[in-house]
Amino acid sequence: MRTVPLGRTTCIIGTNNSLNLFLNLGAIKIPFHFPASDFKASPKSFSSLPRRSGLCRASQVAELFPTTSPEVFVREARVEDCWEVAETHCSSFFPEYAFPLDFVLRIDRLIAMLFGFSIPNGCKRTCLVAVVGSRDKEACLIGTEELKLGGFDGRLNLNKGYVTGILTVDTVADFLPRKGPLRQRRKGIAYISNVAVRERYRRKGIAKKLVTKAEAQARSWGCRAIALHCDTSNPGAIKLYIGQGFRIIKVPEGANWPQPKTSPNMQFNLLIKLLDI
Ligand SMILES: CC(=O)SCCNC(=O)CCNC(=O)[C@H](O)C(C)(C)COP(=O)(O)OP(=O)(O)OC[C@H]1O[C@@H](n2cnc3c(N)ncnc32)[C@H](O)[C@@H]1OP(=O)(O)O
């Protein structure tokens, strides 16, 4: 038996290759059981799973959607985008996962996005999406502007378009050094995270559009700077941010500044851009 914790989901792979999933929603645990007969799995390597006929990787579902569209525009994510946001995140950051773990990851991400976004008082967070196939002015929105679910606009749009890229921007400053002896949260600096563009849409300027929109959002919140962490072994992303005017900040010797919580071996650069308001 093998237990794989995945954020809000615990995945237990039985000795007979059956799969038990538990979605942890606070006090509630929702169990799902997939019998071994559903798929032939090697408990050692889920990434080399032979696929059950009729089943495909969750990322392949995306392949069914249109690839080309004349225009990409960036807007705030809405609830109806949730699955595509989770799908874009997981296929970009964990491309090596195969069914069923890739599917579980997406469910986990979805739950984290909808129920796990508790934002400290006075802070803001928005998830932006780059969309093809629908302009915002064509949007037929159902619901009120005040309705928010996590970082998502809670209104529904029946003509939603297709999500090709994502970015989260906030003023929570969880990964910025704290201020003074009381270690207060830093104000006036927006923070970008979770930037991802679906593989088929890369090198078309979509990430640039997302970053530009995030900067505009930060300005509208009154921020004077915008920051992010980027994995030092991701030269493409570093080039993107340097090209957008970000500069790498040298961390003072001995300083124990916070970093994103990913794999312990990952090294990050802190990049900052000053915003003219
Ligand atoms: C703060 C964070 O979240 S960092 C994490 C970044 N995300 C990831 O690494 C997830 C996987 N990667 C991706 O999703 C994408 O490759 C991204 C987000 C890094 C880039 O998205 P794209 O839409 O392809 O970037 P975009 O087309 O706007 O590129 C702008 C510029 O960045 C640079 N750039 C982007 N990707 C690359 C690359 N793979 N290699 C070299 N340069 C690159 C180039 O200078 C490019 O301009 P050019 O195409 O005119 O040469």
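Counting convention: from 1, in listed order, for ligands and their atoms alike.
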### Sole residue of Glu199, Arg198, Arg202 in side chain to side chain contact (heavy atoms under 4.5 Å, CB included) with Ser92
Arg202
### Message
What protein heavy atom lies closest to atom 50 (O) of ligand 1? Include the residue and the distance to one decimal.
### Response
Lys208 NZ, 4.5 Å
Mind listing the side-chain donor-acceptor pairs of residues 268-277 below 3.5 Å, one per line with the distance, residues two or more places apart or on another chain?
from   : atom 1 : to     : atom 2 : distance (Å)
Lys273 : NZ     : Glu215 : OE1    : 3.0
Lys273 : NZ     : Glu215 : OE2    : 3.1
Lys273 : NZ     : Gln244 : O      : 2.7

### Task
State plainly whether one hydrophobic cluster holds both Ile249 and Val195, where clusters connect Ile, Leu, Val, Met, Phe, Trp and Tyr through side-chain heavy atoms under 4.5 angstrom apart.
no
#### Entry: atom 40 (N) of ligand 1 - nearest protein heavy atom and its distance
Arg203 NH1, 3.3 Å
### Query
Which pairs with one or both residues in residues 167-179 pass salt bridge (charged side-chain N to carboxylate O under 4.0 Å, His left out), sequence neighbours excluded?
Arg125-Asp170, Asp174-Arg185
### Task
Might you confirm whether atom CD of Gln184 has over 12 heavy atoms from other residues, nucleotides or ligands at distances under 6.0 Å?
yes
### Message
Which of the numbered atoms in ligand 1 are under 4.0 angstrom from any heavy atom belonging to Phe93?
### Response
5 (C), 7 (N), 8 (C), 10 (C)
### Query
Is there a side-chain contact between Val131 and Tyr162 (heavy atoms, below 4.5 Å)?
no
### Message
Out of Leu228, Val197, Thr212, Ile242, who is nearest to atom 14 (O) of ligand 1 when you count heavy atoms only?
### Response
Val197
### Query
Which protein heavy atom lies closest to atom 29 (O) of ligand 1, and at what distance to 0.1 Å?
Leu240 CD1, 4.2 Å
### Query
Could any protein non-hydrogen atom be found less than 4.0 Å from atom 17 (C) of ligand 1?
no
### Reported CG-to-CH2 distance for the pair Leu176 and Trp257, which is rounded to 0.5 angstrom
9.0 Å
### Summary
atom 20 (C) of ligand 1 sits nearest the protein heavy atom Ala207 CB, 3.8 Å
### Closest protein heavy atom to atom 19 (C) of ligand 1, given as residue, atom name and distance to 0.1 Å
Ala237 CB, 4.0 Å
### Query
Judged by non-hydrogen atoms, does Lys209 sit under 4.0 Å from ligand 1?
no
### Query
Regarding Tyr191 and Arg186, is there a side-chain donor-to-acceptor distance under 3.5 Å anywhere?
no
### Summary
Taking only non-hydrogen atoms of Lys204 and a 4.0 Å limit, the atoms of ligand 1 in range are 27 (O)
### Task
Could you check atom 4 (S) of ligand 1 against the protein and tell me its nearest heavy-atom contact, residue, atom and distance included?
Tyr241 OH, 3.5 Å
### Message
Please report the interatomic distance NE2(His229) to OG(Ser193), rounded to the nearest 0.5 Å.
### Response
11.0 Å
### Task
Answer with yes or no whether the hydrophobic clustering places Met266 together with Val251; edges join I, L, V, M, F, W, Y residues whose side-chain heavy atoms lie under 4.5 Å apart.
no
### Query
Among protein heavy atoms, which lies nearest atom 13 (C) of ligand 1, and at what distance?
Arg202 NE, 3.4 Å
### Query
Is it the side chain, the backbone, both or neither of Asn234 that has a heavy atom closer than 4.0 Å to ligand 1?
side chain
### Task
Decide whether the shortest distance between a heavy atom of Gly205 and an atom of ligand 1 is less than 4.0 Å.
yes
### Query
Can you tell me which residue and heavy atom of the protein come closest to atom 6 (C) of ligand 1, and the distance to 0.1 Å?
Val195 O, 3.4 Å
